[in-house]
Amino acid sequence: MQYVDHQTDQLTGLTLHTVQTKKYKTNSIVLQILRPLEGENVTKRALLPYVLQAGTNRYPSSKDLRGALDDMYGASLSVDLSKKGENQVISIRMEVANEKFLSDNTPLFEQSLNLLSEILLQPAAENGSFNEEIVNKEKRSLKQQIESIYDDKMRYANKRLLEEMYKNEPYRYNVYGEESEVDRISAKDLYTYYKGVIAQDRIDLYVIGDIEELNVKEAAEKFFTLENRGSNNIASKKDQVKPEQVNEVFEEQDVQQGKLNMGYRTYTTYSDRDYYALQVCNGVFGGFSHSKLFMNVREKESLAYYAVSRFESHKGAIFVMSGIETGNYEKAVKIIKEQLDEIVNGNITDSEFEQTKAMIKNQILETIDSSFGLTEVLYHAVVSGTDRSVEEWLNGIDAVSKQDVIDVAKKLALDTIYFLKGGSNDAE
Amino acid sequence: MQNKKFGQLEETLHYEEMDNGLKVYILEKKGFNKTFATFTTNYGSVDNHFVPPGKDEAVKVPDGIAHFLEHKLFEKEKGDVFQDFSKQGASANAFTTFTRTAYLFSTTGDVKKNLSTLIDFVQEPYFTEKTVEKEKGIIGQEIRMYDDNPDWRVYFGLIENMFHNHPVKIDIAGTVESISHITKDMLYECYETFYHPSNMILFIVGPVNAGEIIELVRSNQKEKGFKDKPPIKRIFDDEPAGAARKEHEISMPVQTPKCYIGFKENKPGRKGSDLLNHELTVNLILDMLFGKSSANYEVLYNEGLIDQTFSFDYTEEQGFGFSMLGGDTKKPEQLVDKVSEMVKAAKNAPIDQNAFERAKKKKIGSFLRALNSPEFIANQFTRYAFNSMNLFDVIPALEALSADDAERVLKSHFADEAMTVCTVRKKPS
């Protein structure tokens, strides 16, 4: 039996993905709306989903809309933004109880799909503008959301690393936009931008659940009345930047613990043949609790509670993160660099290697157990243009050799080290 | 092995109590790849004052020791158990709460092997002075990490405000100072007191065969020959009613202040269905008063007093309970004034029957959503069981709640003297 029963249908203006499964007590519906990162529009795009979920033509206020969701046995609605390589993706997610587990039999799925289509296509707007009051409230809220990144020092350090590392590339933009840009957006501008989104962006609709008896395709065609669009506009430029020297950036704040972030360019993305090798490389380096970073920075030297590496599949990067005493900066950086050198030099034990493969396979199978995790896995195919089944993934990981890992590790280039250090009161 | 069917949910729970008192629960989840198992002891950060088995005198142990023990249990003479799990294609973890310490793994591979590893490592402690010392550096950094997290600080600050004596106000990880006093002998003493199988629950959820799993646990436990143990003597000082401190402010480098309002439960001794009904009722009230479809939420949001981070929750366990609501806000004082007014107004008006029914429906839907998550099922089931409740009773319990009950709870729980406020904001320059 295959792991995922994934069907796609090209409808007018959007691609419908359906996955039939009896695993869940609910049905999930996810809209993914993609466009390349555009400097002038990043903040507008960040604001848009929050305005859309704040009211529709039929339910003109957030209170009305939330009341309608509550009446549908508390259907959940959430919006989010993410970067997939140099694309800015809006996600609008709904999850609704499968009526077979309820004592009454309201047709909740159709209602949900209809409501989601209204959120996207029939917003609270008139005369070529969104509702001014809604836009103002959501602008205020977005500004606070952007500020909250500063308040969470781990997220802040991560954001600052990207700004420094990708100074001249769109990947530097934060998906929530710039605080200084928020005030400049008018309800009318935003509506004009929205019309462009509806007409041009790549739109994917995922429906996951026990849906075999529902006519999902017919319902999606009925509710999502979109125009056809031209060829897909998805950014997939190869990373060509070769850092000549490591860029070290220090910043001081009143923090108890220094936040160390390091960015490596990998020159390998989802479509590449050595993508599986990169995953294994990242896993040996810092992906798990048996990895070199965890074993050395934490267990051996007791320098940190967390010392991890994460990879980005579409831009091609590995990011290392650790929280350390400010005074231990030199030591921690040295140990982290040495761990990658170890991989480059082929010092990978059989057990490290096999454990890593087992953990990666375990991770992907666990991810697809959740409907939103599954959506993310399937969406890689859209962004990269390369479709891979779960079976191919698992076999691909199995086929990686130590030499493949060494080869991919040799390509890694450390670009930027960002360190948020504590002030003078850190001297305990 | 006993089986209990929950027809409407299409779930069957398998259960057996071992001869040594260990309770084992298994929920078969067909179609999932992952199996998730938790091995949990009824022992958390609040259990810092107790009589060790075989002794007459009570001892008081350093703050943060339950969490420290959790870290150290992973280390064995032959190395780190994390490694054994990852060799076996499982990822392991653990966490400590106010009242529980849980050890867990998830795997899409060999469940039985990993389950044996889980049970064995938790039941075979190995502490040395050297490894205890090493851990102090790592946990010290964990504490620092939380010190820098304003959401954690405001949450804990609020709990500190509420309690005079109850150890729930002590940070779960302790402080750098308090953990410096921990020794291997103290860890053994806590272990001997709280890790007897009769104080623990094993929960397995995933695509497993319940009969085979029970058989494995049975023979594993038989070999170990645990002796019967008398009940644990935990000591808690009396906790006066009302909040210990009305307000508190913490300075941190944040751009947007964070403000939470808490109500301390005045009779937190419930168990079983009383506790289940009470917890559900307070949560329904919070949802009616401050949920996204409420008139109050609309006012607070429109006036710029709250944003997307606004949230609320009620929790109660043996000896302590509290509700809290709040989030990021540019105007903490106005938020507090408005919320107090809203609570006061709600206490003086009858409960709206329609809003109550809607809140119940919403809760039923969100419970079904939560049942998609093996982690939720295992963790919550265990928490419920330690408090003599059954997680799978939630829907029938919700359906049976009445607006009259809610009206009574609204008046008693949200008392003026129970209210307290904690704020995190930038130092005035």
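Since the model is a prediction, treat every value here as computed from it, not as a measurement. Residue numbers start from 1 in every chain, and the chains themselves are labelled A, B, ... in the order their sequence lines are given, proteins ahead of strands.
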- Which region of B:Ser294, side chain (C-beta onward) or backbone (N, CA, C, O), has a non-hydrogen atom less than 4.5 Å from a non-hydrogen atom of chain A, or is it both or neither? backbone

- Considering only heavy atoms, which portion of B:Asn149 lies under 4.5 Å from any heavy atom of chain A: side chain, backbone, both, or neither? neither

- Message: Whether the B:Gln308 and A:Gln145 side chains hold a donor-acceptor pair (N or O, under 3.5 Å, no angle test) is what I'd like checked.
- Response: no

- Message: Could you tell me if A:Tyr305 and B:Glu142 have a donor-acceptor pair between their side chains, going purely by distance under 3.5 Å?
- Response: yes

- Message: Below 4.5 Å, heavy-atom pairs only: which of B:Ala90, B:Gly7, B:Gly291, B:Ser366 has the largest tally toward chain A?
- Response: B:Ala90

- Tell me, side chain or backbone of A:Gln53 under 4.5 Å from chain B's heavy atoms, or both, or neither? side chain

- Measure the NZ-OG distance between B:Lys258 and A:Ser148 for me, rounded to the nearest 0.5 Å. 6.0 Å

- Strictly by modelled atom types, are A:Gln355 and B:Gln88 linked by a side-chain donor-acceptor pair under 3.5 Å? no

- Item | Residues B:Thr256 and A:Tyr150: side-chain donor-acceptor under 3.5 angstrom | no

- Quick one: what part of A:Ser289 sits under 4.5 Å from any heavy atom of chain B, side chain, backbone, both or neither? both

- Query: Between B:Met145 and A:Met154, which heavy-atom pair has the shortest distance, and what is it?
  - Reply: CG-SD, 4.1 Å

- Task: Find the one option among B:Pro150, B:Ser86, B:Ser106, B:Gly31 whose heavy-atom pairs under 4.5 Å with chain A are most numerous.
- Result: B:Ser86

- Note on the structure: Applying a strict 4.5 Å limit to non-hydrogen atoms, the region of A:Ser61 in contact with chain B is side chain

- Apply side chain to side chain contact (heavy atoms under 4.5 Å, CB included) to the pair B:Lys87 and A:His290, showing each step before the final yes or no. CA-CA 9 Å; B:Lys87 274 181 202 135; A:His290 67 268; over 6 Å; no

- Item | Closest contact, heavy atoms only, A:Glu179 versus B:Gln255 | OE1-OE1, 4.5 Å

- Message: So for B:Ala295, is it side chain, backbone, both, or neither that comes closer than 4.5 Å to the heavy atoms of chain A?
- Response: both

- Hey, is A:Glu147 close enough to B:Lys330 for a salt bridge, meaning N to O under 4.0 Å? yes

- Sequence-distant partners of A:Asp151, salt bridge (Lys or Arg N to Asp or Glu O under 4.0 Å), two or more places apart: none

- Message: How close do A:Gly67 and B:Ser293 get, counting heavy atoms only, and between which atoms?
- Response: N-CB, 3.5 Å

- Side-chain donor-acceptor pair under 3.5 Å between B:Tyr301 and A:Glu138, yes or no? yes

- Query: A:Arg140 versus chain B, heavy atoms under 4.5 Å apart: side chain, backbone, both or neither?
  - Reply: side chain

- For chain B, find which of A:Lys259, A:Glu354, A:Lys361 contributes the most heavy-atom pairs closer than 4.5 angstrom. A:Lys259

- Task: Select one option (side chain, backbone, both, neither) describing which atoms of B:Glu303 are under 4.5 Å from chain A's heavy atoms.
- Result: backbone

- A:Leu142 side, atom CG; B:Asp307 side, atom CG - distance, nearest 0.5 Å: 10.0 Å

- Item | Structural part of B:Phe32 lying under 4.5 Å from a heavy atom of chain A | both

- Query: Can you say whether B:Asp80 sits under 4.5 Å from chain A via the side chain, the backbone, both, or neither, judging by heavy atoms?
  - Reply: side chain

- Note on the structure: Residue from A:Lys63, A:Glu301, A:Lys357, A:Glu352 scoring the most non-hydrogen pairs under 4.5 Å with chain B is A:Lys63

- Measure the spacing between CZ of A:Phe294 and CZ of B:Phe82 and express it to the nearest 0.5 Å. 5.5 Å

- Message: Taking every non-hydrogen pair under 4.5 Å, which of A:Ser141, A:Gly323, A:Ala358 racks up the most with chain B?
- Response: A:Ser141

- Item | Separation of B:Lys29 NZ from A:Lys23 NZ (nearest 0.5 Å) | 10.5 Å

- Counting heavy-atom pairs under 4.5 Å with chain A, the top scorer among B:Arg358, B:Lys30, B:Glu10 is B:Arg358

- With respect to chain B, which residue among A:Lys153, A:Gln144, A:Lys22 yields the maximal number of heavy-atom pairs within a distance under 4.5 Å? A:Gln144

- Message: For the CE atom of A:Met359 and the OG1 atom of B:Thr107, what is their distance to the nearest 0.5 Å?
- Response: 8.5 Å

- Message: Are more than 12 heavy atoms, taken from residues, nucleotides or ligands other than B:Lys5, located less than 6.0 Å from that residue's NZ atom?
- Response: no

- Is there a side-chain contact between A:Leu303 and B:Gln141 (heavy atoms, below 4.5 Å)? no

- Quick check: does any side chain N or O of A:Gln256 sit under 3.5 Å from a backbone N or O of B:Asp148, one acting as donor and the other as acceptor? no

- Message: If you apply the rule salt bridge (charged side-chain N to carboxylate O under 4.0 Å, His left out), what do you find for B:Glu298 with A:Lys137, and how did you get there?
- Response: CA-CA 11 Å; B:Glu298 189 174 44; A:Lys137 276 185 287 186; 5.7 Å; no

- Task: Name the region of B:Ser373, side chain, backbone, both or neither, that has any atom closer than 4.5 Å to a heavy atom of chain A.
- Result: neither

- Query: Could you state the interatomic distance from NZ (B:Lys362) to CZ (A:Arg66), rounded to the nearest 0.5 Å?
  - Reply: 8.0 Å

- Closest heavy-atom pair and its distance - A:Lys25, B:Asn372: N-OD1, 2.7 Å

- Item | Residues from residues 130-137 of chain B approaching chain A under 4.5 Å (heavy atoms) | B:Lys134, B:Glu135, B:Gly137

- Contact residues of residues 362-371 of chain A (partner chain B; heavy-atom separation under 4.5 angstrom): A:Asn362, A:Leu365, A:Glu366, A:Ile368, A:Asp369

- Note on the structure: The interface call for A:Tyr24 against chain B, heavy-atom contacts under 4.5 Å, is both

- Item | Heavy-atom contacts under 4.5 Å, residues 71-80 of chain A to chain B | A:Asp71, A:Tyr73, A:Gly74, A:Ala75, A:Ser76

- With a 4.5 Å heavy-atom cut-off, do A:Leu102 and B:Leu368 have their side chains touching? yes

- Take atom NZ in B:Lys292; do more than 12 heavy atoms of anything else shown fall under 6.0 Å from it? yes

